[in-house]
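Owing to the predicted nature of the structure, the values given are computational and were not obtained by experimental measurement. Index from 1, following the sequence. Counting starts at 1 for both ligands and their atoms, following the listed order.
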Amino acid sequence: MFKKAVKDHPGGVHKPLQSNFLRANTIVTSKPSPPPPQSSGVKRKIEMHNGGESSLGSLHSSVYFDENDFDDDLDLDIDEPLPFTAPAVSKPTKPDIVTYPTIDLTSSNDNNAAPLNGSQPQSNITYPELPPASQERAAPSSSIQIPWSSSPPSHFQPPPRPRTLPWLKEAKEEPDQEKKELPRFVTPKRTKPSEPWNKSASAIKEEQKELRREYKKNQKGEEVPQPQSEEKVAGIFLSDEQKAVLDAVVERGKSIFFTGSAGTGKSVLMREIIKHLRRKYKREPDRVAVTASTGLAACNIEGVTLHSFAGIGLGKEAVPELVKKIKKNQKARNRWLRTKVLVVDEVSMVDGDLFDKLEEIARRIRNNGRPFGGIQLVVTGDFFQLPPVPDGSNREAKFAFSAASWNTCIQHTILLTHVFRQRDPEFAAMLNEMRLGNISPSTIDAFRKLSRPLNFHDSLDATELFPTRSEVENANSQRMHRLSGELMTFNAVDSGTIQDVQHREKLLSNCMAPQTIHLKKGAQVMLIKNMEDSLVNGSIGRVVAFMDESTFDYYRDNEGDFAGGDGNASDDEGLARARKKLKPMAHKEGGVTVTRKWPLVCFVQPDGTERHLLCQPEAWKIELPNGEVQAQRQQVPLILAWALSIHKAQGQTLQRVKVDLGRVFEKGQAYVALSRATSQAGLQVTRFEPRKVMVHPKVVDFYNNLVSINQVIKPKKTGSGFENGLDEFINAI
Ligand SMILES: Nc1ncnc2c1ncn2[C@@H]1O[C@H](COP(=O)(O)OP(=O)(O)OP(=O)(O)O)[C@@H](O)[C@H]1O
Ligand SMILES: [Mg+2]
């Protein structure tokens with residue numbers, strides 16, 4: 001069957017390279033290969049890493065090392081841009097690796113894998129006669145409401161305990177919190193903000209009565225009806241292609257690299273995979289290691305960096321030394337021994353040499369000759385986005401797919417094709433051209449037209465994306481200075497098992513939440529946690545007041561839409577009046593204690609509705625696979641959002657974005673910045689120059705050589721999709 005497919009589609013077949021034995025690589029794509037791009041920017045010198053002498057004897061010498069977790073991706077929010085080098089036109093080279101249609105559809109058992117140094121196993125290849133995947137059928141309609149955003153799975157969980165009225169705190173705990181809708185400090189959706197603080201005295205009295213009634217009921221043990229939050233975080237409806245990857249990873253134990261352009265739901269899928277893997281290994285949670293290339297990306301999925309997981313410090317030494325180092329570190333050694341599945345997010349920033357080192361370390365420490373010591377790899381990222389950070393030496397960074405062991409470790413490469421972020425197919429196509437560095441004149445024109453200022457009829461500005469941290473800080477502090485209100489400072493509470501405060505701070509400095517955040521009324525902020533289905537990581541809003549929980553509770557329940565949204569003087573008067581009214585009542589009922597004030601933020605939804613959220617501290621964790629929380633930060637879930645670094649914006653979905661391409665200097669940066677936008681109407685691009693859209697030629701080669709499953713499977717005459725649905729699709733990978 002496979003031979004037949006190959007015969008029918010000879011162009012789709014490439015010879016595997018650099019592989020000691022055949023492993024299957026299945027690539028599912030519906031995109032035709034783009035022409036080779038013009039390469040530009042700094043030319044990278046690629047070196048192949050020699051793993052050093054790998055005498056096994058040396059593994060047993062006794063050198064003691066501490067666990068040395070260096071996590072620092074501050075450098076990614078680069079301080080100073082590198083000088084821009086004129087683009088050098090490079091001839092497309094032969095790819096270092098070819099992901100090839102040597103599809104091992106029969107092998108579902110990893111135990112069959114041969115040792116790296118073993119002879120080449122017989123390729124046992126069959127190929128199903130399947131029509132190509134129907135993306136249209138597979139994916140849910142792109143016009144459905146997007147119910148979630150980038151955040152770790154725990155953020156979708158309800159808050160730890162239900163809200164009770166402050167003076168009912170002593171009331172007995174609800175026996176089954178899971179079953180209840182859990183309200184948060186959030187107002188219901190409203191289309192129009194009404195006048196604030198317009199509560200009449202009689203209404204207040206009525207409210208007092210109601211509260212007393214509820215209090216009495218509660219004393220009698222009756223259930224107090226809790227205010228219902230309008231909607232819960234919606235369930236996840238994965239598309240068929242996402243489900244296929246999930247199944248291949250969780251049920252079939254495949255080592256997978258899934259990729260796709262920005263907004264194809266890689267992060268959503270990865271969170272779902274992690275959730276399922278955790279469920280699968282719930283009795284042995286340390287079997288699943290969740291890692292990412294950078295501290296920020298790791299923090300976003302509540303994992304650790306790959307360096308931290310490996311216990312290799314900066315990982316500069318040769319493999320034998322690193323192995324010694326790990327063996328002397330009981331915790332790190334155990335991690336290597338216990339791990340069954342290694343999740344790696346944002347792999348585009350993982351250095352290829354590091355990948356090879358880790359692969360060899362895994363085989364040696366685990367004393368297992370299979371690829372990556374038999375560990376199942378679940379890897380995701382988009383190599384057209386940010387590349388590995390150069391390590392400071394003259395050596396240029398090398399992509400993970402250029403690692404010698406990449407092809408042997410990754411059994412299947414799957415390209416997600418349905419773009420969820422941009423519902424407008426024309427805009428999605430423009431971004432895709434940009435991604436591939438192959439921009440047509442009409443697309444250049446269309447991008448140039450986006451230089452006009454954005455015009456929205458609310459108080460929110462577009463978030464400006466900058467390549468460097470200093471530009472971001474300047475832009476945000478200039479805007480803060482223009483605001484006249486009182487400056488409120490929120491300091492994080494940090495904790496964790498790492499006792500060395502400096503080390504812990506260094507880890508936490510990569511966290512999205514800052515140690516200290518200064519806010520004023522009127523400040524534009526971004527929510528950095530998922531709170532409700534419409535208040536998600538990436539939602540942009542404006543601080544309208546600072547208030548304590550009781551004040552918020554009271555007015556949420558009474559008036560709901562009390563904050564006018566623009567932080568003007570009448571709000572202040574209203575707030576003062578409200579406090580006056582609330583105080584005597586509170587004391588009468590047994591003591592509302594006026595606690596700390598938190599920022600009240602008015603978020604404007606894409607449909608124009610407003611939600612108010614009292615932003616109280618949330619937690620960010622850096623957690624090892626065994627559950628040890630190395631570092632934790634509790635902070636209000638906000639950052640200033642007039643400006644954001646491209647590094648911090650990576651992975652985000654933003655409704656209004658402004659990018660000056662004149663400032664962009666790194667490959668992939670322009671694409672990352674522009675692809676955050678959900679629509680052309682919400683994107684302003686200035687100084688658009690095709691030469692600023694820099695794409696690494698090696699990345700283009702890599703993706704060009706991903707062979708479409710459509711190319712090797714002869715479509716059935718009857719239709720373009722898999723006739724028997726998902727099962728067929730899954731069987732094809
Ligand atoms: N199956 C799905 N159904 C509906 N919406 C989805 C689905 N998968 C992802 N989305 C939405 O699409 C948007 C982009 O998803 P996500 O951030 O996971 O993409 P990504 O591939 O990780 O993008 P990037 O490469 O930019 O990080 C998000 O708003 C997300 O909620
Ligand atoms: Mg993502």
Side-chain angles (χ1 to χ4, degrees), residues 135-153 155-156 233-246 257-275 292-294 296-301 303 343-349 379-387 414-424 427-428 431-432 434-435 465 512 527 530 532-540 605-606 644 646-655 657 668-679 682 699 703 726:
Q135 301 312 332
E136 286 317 309
R137 187 193 57 74
S141 158
S142 60
S143 62
I144 64 168
Q145 191 185 3
I146 292 174
W148 57 83
S149 173
S150 308
S151 256
H155 301 175
F156 294 96
V233 173
I236 292 178
F237 304 99
L238 296 184
S239 66
D240 277 2
E241 57 184 10
Q242 286 172 319
K243 277 188 207 152
V245 178
L246 180 70
F257 165 53
F258 62 94
T259 182
S261 55
T264 47
K266 299 182 293 295
S267 298
V268 163
L269 174 58
M270 189 53 120
R271 285 196 297 272
E272 203 57 15
I273 287 174
I274 293 169
K275 200 166 91 187
S293 51
T294 68
L296 182 64
C299 206
N300 281 340
I301 51 169
V343 165
V344 185
D345 201 1
E346 299 291 5
V347 72
S348 69
M349 288 184 273
V379 180
T380 192
D382 176 15
F383 287 110
F384 281 107
Q385 297 187 34
L386 301 183
I414 300 175
L415 191 66
L416 300 177
T417 55
H418 184 89
V419 178
F420 292 96
R421 186 173 290 136
Q422 292 86 22
R423 295 173 189 186
D424 166 15
F427 185 38
L431 289 172
N432 202 44
M434 187 177 178
R435 174 174 189 259
L465 302 184
M512 200 72 169
L527 190 61
N530 288 329
E532 300 270 334
D533 70 324
S534 57
L535 290 177
V536 293
N537 187 348
S539 294
I540 303 287
Q605 318 276 290
L644 201 61
I646 295 175
H647 171 52
K648 281 206 169 163
Q650 196 182 19
Q652 296 288 356
T653 298
L654 299 170
Q655 310 292 334
V657 188
Q669 259 182 352
Y671 174 64
V672 169
L674 269 53
S675 61
R676 300 308 99 201
T678 51
S679 66
V699 174
Y703 280 87
L726 185 59

Practice task
Verify side chain to side chain contact (heavy atoms under 4.5 Å, CB included) between Gln650 and Ile646, making sure each step is shown before the conclusion.
Solution key: CA-CA 6 Å; Gln650 196 182 19; Ile646 295 175; 6.0 Å; no
So for Arg676 against ligand 1, with non-hydrogen atoms under 4.0 Å, the contacting part is side chain
Under 4.0 Å, counting heavy atoms only: does Gln385 come that close to any atom of ligand 1? yes
- Query: Does the side chain of Asp382 come within less than 4.5 Å of Thr264's, by heavy atoms?
  - Reply: no
Check: of Ala297, Gly381, Gly265, min heavy-atom distance to atom 19 (O) of ligand 1 comes from Gly265
So for ligand 1, is Asp382 a polar contact partner (N or O within less than 3.5 Å, distance only)?
no
Report yes or no: does Gln650 have an N/O/S atom closer than 2.8 Å to the Mg ion (ligand 2)?
no
Residues Ala298 and Ala292: closest non-hydrogen pair is N-CB, 3.4 Å
Looking only at heavy atoms of Ser675, does any of them come nearer than 4.0 Å to an atom of ligand 1?
no
Quick check on His418 - does any of its heavy atoms sit under 4.0 Å from an atom of ligand 1?
no
- Residue pair Phe258 / Gln242, side-chain heavy-atom distance below 4.5 Å: no
Going by the 4.0 angstrom heavy-atom rule, the piece of Val268 near ligand 1 is both
Under a 4.5 Å cut-off applied to non-hydrogen side-chain atoms, are Leu465 and Leu654 in contact? yes
Look at ligand 1 and say whether Gly263 reaches it with a heavy atom at a distance under 4.0 Å. yes
Please say whether Phe237 places an N or O atom under 3.5 Å from an N or O atom belonging to ligand 1.
-> yes
Looking only at non-hydrogen atoms, the one of Gln652, Arg421, Met270 nearest atom 14 (C) of ligand 1 is Arg421
Min N/O separation Gln242 to ligand 1 under 3.5 Å: yes
Heavy-atom closest pair (Phe420 atom, Ser239 atom, distance to 0.1 Å) is CZ-CB, 4.0 Å
Any donor-acceptor N or O pair under 3.5 Å, side chains Glu241, Thr417: yes
The atoms of ligand 1 lying under 4.0 Å from a heavy atom of Thr264, numbered in the order shown, are 19 (O), 21 (O)
Side chain to side chain contact (heavy atoms under 4.5 Å, CB included) between Ser675 and Leu431: does it pass, once the steps are laid out? CA-CA 6 Å; Ser675 61; Leu431 289 172; 4.3 Å; yes
For Tyr703 and Phe384 the tightest heavy-atom approach is CD1-CE1, 3.3 Å
